[in-house]
Amino acid sequence: MDGYKTGMRYSKTLIPTVKEVPAEAEIPSHRLMIRAGYIRKLASGTYTYLPLGWRSLRKIMQIVREEMDAAGALEISMPILQPIELWQRTGREAAYGPTMCKFEDRHGRINALAPTAEEVVTAVAAQELKSYKQLPVNLYQINTKFRDEFRPRFGVLRSREFLMKDAYSFHADPQSLETEYRRMYDAYCRIFKRCGIPYVAVEAETGEMGGSGSHQFTVPCETGEDVIVYTADGSYAANIEKAAVDPLPRATPPADAPAPEPVHTPGVGSIEAVCAFLKTSPTEMIKTLIYSTTDGKVVACLLRGDHELNPEKLVQALGSGAELAAADVIERVSGASVGFAGPLGLSERVDRVLIDHAVAALPIAVTGANRTDYHTRNVVPGRDFALEGPSVTVTDIRNAVEGDTYGGQTLLFKRGIEVGQVFKLGTKYSKALDAAVLDEQGQPVTLLMGCYGIGINRILASAIEVGNDKDGCVLPPAIAPYEIEVIPLGDTGDVPATAERIYEALRARGADVLLDDRDARPGVKFKDADLIGIPLRVVVGEKSLKDGKVEVKRRTDAQPTLLPLDEAVEQVMAILAEMKTA
Ligand code: ATP
Ligand code: MG
């Protein structure tokens, strides 16, 4: 950080540490970023970064820039104001829906506040790229993005305004996209490693972004909102939105099973209630969910009672978007009030039936009866409703659960925070926005694209989420607001002058140092140093100075070490270097 390692005196900066945090701060990183004076809330999902928080963000951005530049990407800066027409041309105005912040300008034109920039960058490419000779090219920026999140929470982990590094690559052939995707994947690994945060790369869904392949970079952490599914040998890891499961083997219908029998279940609609009422278990029930697709079709989805529908897999299976049908649609196709739909006779009343493998694996089950206040027991899949047919498909439409396997291996689960994602986009945006170049034969080819995002603020928050203890933040030196804090204890004898000398000497060697020159008790200084998470501290006290020593302590050490004064600066620099490569 050239020109930035200026060092700082505590008395001259603004580090408003506080004891109390608002009740809405549910997770450690949110509480600590407020307590340590990194951030202050302005309104729901918007935060001011105070000097400490901003220093950390600048360091993260610097690492991201260095790695993007080293990978050959070119930094640009695109407008945050985006004309809505671009979003209409790609059909994403609807896909983003209310998450996109929009406003009308004085001339009546609708603008979006950038939630991302595929549209804008593709418009740039359409204008500026003419020939295959200009390819491949990768353009990136680091700037503010806006998303009117349904539920902003966890402080800056899910805010409405945040900093994103977004990069977009353009190619004339799939091989070139593949190579760049790999290069970005590798650059991401270096970025997160240099930031000092633990991460795993997992296969991911492409969601509304579109495209053919994607990986997410996730920081494993209990409080994360994402679920990662993986095998113990590390051969497979995916976001639960994407995670495949081995199909359960089909059941052979029992030859002597009794005929289906309706049972009166008054007012008992939920799976739990039905199970309690009929003394059965969700694993022996079939639930029937009615969906409406974006192209106006009605689809019945059959799942085992304890399983959850996976919306991404549903979209894959259908080849179109879908959402839970409105109550009147459900009532019309099932002939019953919501909660009592079942598979018997249903295939004639809907356009498609998607049956999860686990349903086809049930020998006999309880289902809704398509009659209000009734269920049917002794339903045998394959006997009482079809498992094949022109509109019937048995497929994978559910989330993986504990006990599932993939490739024969047991699936394990852990939570994580998504800090970055890379996508192979293909031609979704370039087609819609007419971005093409001429190839070697002079023929136009639609550009292939990749896109690559990183949440700058999320890196900091997740570093604190995985790095904290009862005393405060425990940050890696690469992204801590300062690397070293020099703490003089009192102002007697040689103490202030020695502390000052060490501070200047460390700065001269390129370290990023905070000098706690406040007229405060030692306990206060130690508490604040721990709270704000400075990785390494040097304490200058009269007692040890008499023996020609100063104290050094890593944030994670239980006890300080005494170093001879005349070697202290060199040794502290050596410890810092070692911490940075650890
Ligand atoms: P999420 O699933 O958490 O909503 P996303 O997949 O929609 O995120 P992307 O469109 O992939 O996010 O954006 C790239 C990166 O921007 C994400 O990996 C994440 O680190 C960051 N990011 C996205 N939304 C937010 C937000 N509301 N607050 C802070 N960072 C965010
Ligand atoms: Mg994402």
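When a ligand or atom number is given, it counts from 1 through the structure's own listing order.
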Y452 pairs by side chain to side chain contact (heavy atoms under 4.5 Å, CB included) with which of Y168, Y140, Y181? Y181

Does the pair K313/D356 count as a salt bridge with the N-to-O cut at 4.0 Å? no

Just heavy atoms, cut-off under 4.0 Å: does R147 contact ligand 1 by side chain, backbone, both, or neither? side chain

Output the list of atoms in ligand 1 that are nearer than 4.0 Å to some heavy atom of V419, sorted by atom number. 18 (O), 20 (O)

Does R458 approach ligand 1 within less than 4.0 angstrom via side chain, backbone, both or neither, non-hydrogen atoms only? side chain

Which pairs count as salt bridge (charged side-chain N to carboxylate O under 4.0 Å, His left out) when at least one residue sits in residues 75-89, sequence neighbours excluded? R65-E75, R89-D434

Less than 4.0 Å between a side-chain N and a carboxylate O, is that true for R153 and E24? no

Within a distance under 4.0 Å of any heavy atom of E149, pick out the atoms of ligand 1 and give their elements. 24 (N), 26 (C), 27 (N)

Is it the case that over 12 heavy atoms from other parts of the model lie below 6.0 angstrom from the CD atom of Q88? yes

Quick check, are the ring centers of F162 and Y47 under 6.0 angstrom apart? no

I need the contact type for L157 against ligand 1. Using non-hydrogen atoms and a strict under-4.0 Å cut-off, is it side chain, backbone, both or neither? backbone

Under 3.5 Å between some N or O of ligand 1 and some N or O of I454? no

Between R109 (side chain) and P83 (backbone), is there a donor-acceptor pair under 3.5 Å? no

Ligand 1 atoms in contact with S159 (distance to a heavy atom under 4.0 Å): 26 (C), 27 (N), 28 (N)

Looking at side-chain heavy atoms only, is the closest gap between P22 and I34 below 4.5 Å? yes

Which atoms of the protein, restricted to N, O or S, are nearer than 2.8 Å to the Mg ion (ligand 2)? E418 OE2, Q421 OE1

Would you call the rings of F192 and Y188 parallel, tilted or perpendicular, where under 30° means parallel and over 60° means perpendicular? perpendicular

Are any of the N/O atoms on F162, whether in the backbone or the side chain, positioned under 3.5 angstrom from an N/O atom of ligand 1? no

Looking at R194 and E66, does any basic side-chain N land under 4.0 Å from a carboxylate oxygen? yes

Quick one: does N457 get a heavy atom under 4.0 Å from ligand 1? no

Relative to each other, are the rings of Y185 and H215 parallel, tilted or perpendicular (30° and 60° limits)? perpendicular

Is there a side-chain contact between Q82 and P115 in this structure, where contact means two heavy atoms from C-beta onward sitting under 4.5 Å apart? yes

Proximal ligand 1 atoms for V156, defined as those under 4.0 Å from one of its heavy atoms: 29 (C)

Which atoms of ligand 1 are found less than 4.0 Å from any heavy atom of G420? 18 (O)

Report yes if some N/O of E418 lies less than 3.5 Å from some N/O of ligand 1; otherwise report no. yes

